[in-house]
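Below is one structure, written out as structure tokens; comments come after it.
Hydrogens, waters and symmetry mates are skipped; everything else that's a heavy atom, side chains included, is used. Below, read A as the first sequence line, B as the second, and so on, with proteins coming before strands; counting in each chain starts at 1.
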There are 2 protein chains.
Amino acid sequence: MSKVSPTERQKKIARYAKAMGHPTRMYVLELLSKQSCCYSGDLTEELPIVKSTLSQHLKELKNAGLIQGEIEAPKIKYCINKENWKEAQSLFKEFLKL
Amino acid sequence: MSKVSPTERQKKIARYAKAMGHPTRMYVLELLSKQSCCYSGDLTEELPIVKSTLSQHLKELKNAGLIQGEIEAPKIKYCINKENWKEAQSLFKEFLKL
DNA sequence: ATATTTGTTCGTTGATTAACGAACAAATAT
DNA sequence: ATATTTGTTCGTTAATCAACGAACAAATAT
């Protein structure tokens, strides 16, 4: 009977996974994990979505801690958040037994 | 200007990631990836959610292809879907550069 | 025959997500 | 001073998600 909730570790992975759970966000993450940075303007040109929608996706990735933005007025340069990226890597690695 | 959509690979990862994007589902996946199988009744007892809610989560994991259920009347035995699990492993591995 | 066990499905509710366009803010360029 | 560029925020709409309890289905046990 004694109930057991998911662990904090599992919640953390779920949080990262959720952020990765959309094609557009995967596109952005993969781009940023390959080249160091990009401007969101570049993404708006590449992707078949409107800039406000992209902005929302970037916000979600930011809130999940996977990316970070740096102002280079008037543009914003987005990069992987290296610290959290490392954490995500090790969490997934352990979970997937890679 | 020429628009580029996320690749099929990115969509696939997003699909797996979305399924992993909830604490309860992570709990189940981690359990099943460690021990070979389990009955959903066991999960209902462990987890602080009602059986119908659990059933929904299991359905989502099934739809994403990460687990499979086998009838052992009157119970149902759930296991990892090994083939898709392997695919997910390699997709995440490549994506995360592990 | 009836009750029990085990899960799924249905209906409901409230919250969250995804997408768009319009309006806005801030810096830069004219 | 004004227009342009670059992104975010707001408001809206439709869809999906998460949770619950009740009803149902199927097999097993009494």
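Contact annotation: H57(A) reaches the phosphate of dA19(C) (side-chain N/O to OP1 or OP2, under 4.0 Å). When the side-chain nitrogen and oxygen atoms of H22(B) are compared with OP1 and OP2 of dA19(D), one or more of them lie within a distance under 4.0 Å.
Comparing dG7(D), dG7(C), dA18(C) by their nearest atom to the side chain of I76(B) picks out dG7(C). When distances run from any side-chain atom of K75(A) to the nucleotides dG7(C), dA18(C), dG7(D), the shortest one goes to dG7(D). Closest approach to the S52(A) side chain among dA22(C), dA19(D), dT8(C) is made by dA22(C) (side chain taken as heavy atoms from C-beta onward). Among the nucleotides dC20(D), dT9(C), dT17(C), the one closest to the side chain of S55(B) is dT9(C).
With Y39(A) as the aromatic partner, K75(A) meets the cation-pi criteria of under 6.0 angstrom to the ring centre and within 45 degrees of the ring axis.
Across the protein-nucleic acid pair, E70(A) atom CD and dG7(D) atom C1' stand 16 Å apart, rounded to whole Å. One can place CG of N63(A) at 13 Å from P of dT16(C), the figure rounded to the nearest angstrom. The distance between atom CE of M26(B) and atom C1' of dA18(D), rounded to the nearest whole Å, is 18 Å. If you take NZ of K3(A) and P of dA19(D), they are 14 Å apart, rounded to a whole angstrom. Note: CD1 (I67(B)) to C1' (dT8(C)) measures 14 Å, nearest angstrom. Look at CG on L47(B): it is 15 Å from C1' on dG7(C), rounded to the nearest Å. The distance from atom CG of L43(A) to atom C1' of dT8(D) is 15 Å, rounded to the nearest whole Å. The CG-P distance, from L54(A) to dA19(C), rounds to 11 Å in whole Å.
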*asked:* Before you tell me yes or no, could you show the steps for K11(B) and E8(B) under side chain to side chain contact (heavy atoms under 4.5 Å, CB included), namely the whole-Å CA-CA distance, both residues' side-chain angles and the distance that decides it to 0.1 Å?
replied: CA-CA 5 Å; K11(B) 287 185 198 170; E8(B) 288 308 311; 3.2 Å; yes

*Check the pair L58(A) / L43(A) against side chain to side chain contact (heavy atoms under 4.5 Å, CB included), numbers first and verdict last.*
CA-CA 10 Å; L58(A) 293 175; L43(A) 296 170; 4.3 Å; yes

*Step-by-step side chain to side chain contact (heavy atoms under 4.5 Å, CB included) determination, L66(A) to I80(A)*: CA-CA 6 Å; L66(A) 288 172; I80(A) 287 287; 5.9 Å; no

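When heavy atoms are screened at a 4.0 angstrom cut-off, Q56(A) is found touching base atoms of the nucleic acid. Using a 4.0 Å heavy-atom distance criterion, I49(A) is classed as a sugar-phosphate-only contact. Counting any heavy atom pair closer than 4.0 Å across all strands shown, S40(B) reaches sugar-phosphate atoms only and no base atom. If you check every strand for non-hydrogen atoms under 4.0 Å, K77(A) touches nothing.
At distances below 3.5 Å, not a single donor-acceptor pair connects side-chain atoms of Q35(B) with backbone N or O atoms of L32(B). The closest donor-acceptor contact from the side chain of N81(B) to the backbone of Q68(B) lies at 3.5 Å or more, if one exists at all. A side-chain donor-acceptor contact under 3.5 Å links K3(B) to the backbone of T44(A). Under the 3.5 Å distance criterion, the side-chain polar atoms of R25(B) are matched with a main-chain donor or acceptor of A19(B). A donor-acceptor pair under 3.5 Å links the side-chain atoms of Q89(A) to the main chain of L96(B), judged by distance alone.
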_At under 4.0 Å between heavy atoms, how does the protein contact nucleotides 23-30 of chain D? Give one character per nucleotide, 5' to 3', with B, S or -._
----SS--

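In this structure, T53(A) and T53(B) both approach DNA chain C, and ranking their closest nucleotides by distance from the 5' end singles out T53(B). Sequence order on DNA chain C of the closest nucleotides to K59(B) and G21(A) puts K59(B) first from the 5' end. Of the two residues near DNA chain D, Y78(A) and K18(A), the one whose nearest nucleotide lies more 5' is Y78(A).
Residues forming a side-chain hydrogen bond (donor to acceptor under 3.5 Å, both in side chains) with K12(B) (at least two apart in sequence, or on another chain): E87(B).
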_In dot-bracket form, 5' to 3', how is DNA chain D paired? Count Watson-Crick and G-U wobble pairs only if both distances fall under 3.5 Å, and write | where the partner sits on another strand._
||||||||||||||||||||||||||||||

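Between the side chains of Y78(A) and E70(A), not a single donor N or O lies within less than 3.5 Å of an accepting N or O.
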